2 protein chains.
Amino acid sequence: MLQRSVLTEEEQAAICSLEGREAGIEPHRDIVRPGEHTDYSCLVVSGLAARFGQLRDGHRQITAIHIAGDMCDLYSLMLPKVEWAIQALSSPVKILKVPHRDLLKLVRAYPAVAEAFWRDCVADGSILAQWVVNVGRRDARMRTAHLLCELGVRMERAGLGRRDAYTLDIVQTQLADALGMTPVHMNRIIRGLREDGLLVTRRRDIHITDWAALAAAGGFEGGYLEYEDGPHRRL
Amino acid sequence: MLQRSVLTEEEQAAICSLEGREAGIEPHRDIVRPGEHTDYSCLVVSGLAARFGQLRDGHRQITAIHIAGDMCDLYSLMLPKVEWAIQALSSPVKILKVPHRDLLKLVRAYPAVAEAFWRDCVADGSILAQWVVNVGRRDARMRTAHLLCELGVRMERAGLGRRDAYTLDIVQTQLADALGMTPVHMNRIIRGLREDGLLVTRRRDIHITDWAALAAAGGFEGGYLEYEDGPHRRL
DNA sequence: CGGTCTATTGATATGTGTCAAAACTTGTGG
DNA sequence: CCACAAGTTTTGACACATATCAATAGACCG
């Protein structure tokens with residue numbers, strides 16, 4: 001988040017001085033449960049977390065994938081009653097629970113920090129809007145390519161690998177849940193991408209052998225992930 | 001937006017004193033163009049506006065429908081480079097363009113106003129997350145029912161009608177663009193809902209004759225549209 | 001009263017879901 | 001180090017929802 005905003009040293013120090021309770025969450029275990037009032041937000045320290053909605057029949061749709069360094073559930077600071085679940089994905093996830101009380105004290109003391117957090121929520125919303133486009137108007141192959149590109153760019157930016165070579169600790173069924181399709185179909189799509197020489201997977205490692213081709217196959221334009229400084233960031 | 005947050009009279013007055021340039025936008029005309037840096041956000045005064053993303057092949061996906069009273073493109077206050085378009089829907093739309101400069105001055109003078117705007121962005125994100133679920137995991141009929149329920153609740157809350165009887169100045173093709181489907185299929189789905197006695201349409205008026213049934217058909221649970229006061233809204 | 005949108009309908013094509021089973025991994029305990 | 005269990009990936013055959021193409025009918029507007 002700190003990359004997205006311009007903050008003074010004092011403000012950065014204030015953020016870093018936040019204390020929280022560390023917790024390790026087992027795969028498939030809830031970090032946040034829907035319908036609850038939460039009084040903390042979580043920083044993902046390591047691993048992957050996913051936010052998702054669930055239908056009565058049990059089908060689930062992942063609405064966000066959070067990587068290390070993401071503040072997940074920052075939304076709840078403004079709307080404490082959450083309507084979704086957040087779970088650890090495949091591996092144990094380490095999170096830091098930061099009480100809302102401390103966060104609010106911080107944002108009220110430093111308006112620029114409030115704006116940084118606010119900007120973070122907006123960035124999350126921009127990705128969400130892309131996901132709507134993805135799921136609504138792209139076919140399975142495009143969707144998959146698009147998501148893999150998005151995750152690559154985000155991973156690289158977070159210092160977790162290169163955009164064309166990163167580790168995604170996630171299972172095909174979960175990928176399918178993020179892309180609104182069936183695990184079976186997910187598998188066939190991935191096979192197709194591999195057969196076309198766009199990517200190689202080994203274990204949980206993704207190696208995009210032809211970035212340009214994958215980006216083209218997904219209609220990926222990374223603009224929505226850029227957060228260049230506007231002229232009016234600071235007072 | 002003012003309904004979602006608790007503000008003092010002074011703060012409310014400050015918001016209401018914002019001045020902007022009024023403008024009328026013809027149907028299908030852009031309010032905001034993608035790739036631009038904007039220096040204002042828009043309040044929708046009357047009519048409907050839609051935010052959408054576009055694919056190279058021309059297909060579009062609506063990612064938000066803004067009704068009168070909505071602040072559209074508030075996102076751009078935090079990320080001025082917008083990656084989407086916002087257009088007027090079927091009828092002329094009246095908007096009020098409020099310069100970012102004034103908005104920033106306001107939020108920096110009144111932290112509670114900043115939080116109110118921030119909360120507004122988060123509310124938009126909550127709807128967006130629901131749309132991902134909608135498009136990703138519900139079939140055409142459910143999706144349609146769900147959206148009609150959502151719009152009903154939002155219309156009612158905005159004082160623009162009743163949840164089961166409101167005017168939606170929108171064309172079937174645009175509804176299809178919001179739901180990620182074909183105009184032809186959209187038409188068949190609406191016919192189905194009518195034949196099942198769930199709703200009646202006349203002109204642009206929607207009359208939901210059996211709210212409970214429509215909500216059930218859409219798996220609609222309005223929780224994500226509720227913004228009850230948390231205990232820590234004010235200092 | 002003709003022209004341009006919009007809504008409606010039909011026939012057919014296709015992408016994706018569903019069901020079912022086999023092959024492969026990974027981890028665990030003997 | 002092997003054997004087994006549980007989870008994951010892969011494959012096939014088939015069903016079904018939705019897209020596509022094409023045409024007609026109706027609404028609205030100048």
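Chain identifiers are assigned alphabetically (A, B, ...) following the order of the sequence lines, protein sequences preceding nucleic acid strands; residue numbering begins at 1 within each chain. The shown structure was predicted, so the numbers you read here are calculated from the model rather than taken from an experiment.
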Discussion item. Working note: A:R204 + A:T167, criterion side-chain hydrogen bond (donor to acceptor under 3.5 Å, both in side chains); need CA distance, chi angles, decisive distance, verdict.
Written reply: CA-CA 6 Å; A:R204 296 278 120 106; A:T167 300; over 6 Å; no
Discussion item. I'd like to check the side chain to side chain donor-acceptor pair (under 3.5 Å) partners of A:S90; sequence neighbours left out, ordered by chain and number.
Written reply: A:Q174
Fill in: Set of residues satisfying side chain to side chain contact (heavy atoms under 4.5 Å, CB included) with respect to A:A145, sequence neighbours excluded
A:L214, A:A217
Discussion item. Under the rule for side chain to side chain donor-acceptor pair (under 3.5 Å), what residues qualify as partners of B:R194, not counting sequence neighbours?
Written reply: B:T201
Worksheet item: For DNA chain D, what residues of residues 187-206 of chain B have any heavy atom nearer than 4.0 Å?
Response: B:R188, B:R203
Worksheet entry | 5' to 3' contact window, DNA chain C with chain A (heavy-atom distance under 4.0 Å) | C:dT16 to C:dT26
Worksheet, complete the sentence: Hits for ring-ring contact (aromatic ring centres under 6.0 Å, His included) against B:F52, two or more places apart or cross-chain, chain-then-number order -> none
Item to complete: Can you run down the ring-ring contact (aromatic ring centres under 6.0 Å, His included) pairs that involve residues 165-217 of chain B, sequence neighbours left out, and say none if there aren't any?
Response: none
Discussion item. Under the side-chain hydrogen bond (donor to acceptor under 3.5 Å, both in side chains) definition, can you give me all pairs with a residue in residues 132-142 of chain A, not counting sequence neighbours?
Written reply: A:Q130-A:R138, A:N134-A:R138, A:R137-B:D177, A:R138-A:H146, A:R141-A:D196
Discussion item. Can you give me the bend angle of the helix from C:dC1-D:dG30 to C:dG30-D:dC1? Use the axis through the first five pairs and the one through the last five, nearest 10 degrees.
Written reply: 40°
Discussion item. Run the side chain to side chain contact (heavy atoms under 4.5 Å, CB included) test against A:D70 and tell me which residues pass, sequence neighbours left out.
Written reply: A:H66, A:I67, A:R154
Fill in: Within residues 174-186 of chain B: residues closer than 4.0 Å to DNA chain D (heavy atoms)
B:G180, B:M181, B:T182, B:V184, B:H185
Fill in: Start and end of the DNA chain D segment that chain A contacts, any atom under 4.0 Å from a heavy atom
D:dT8 to D:dA13
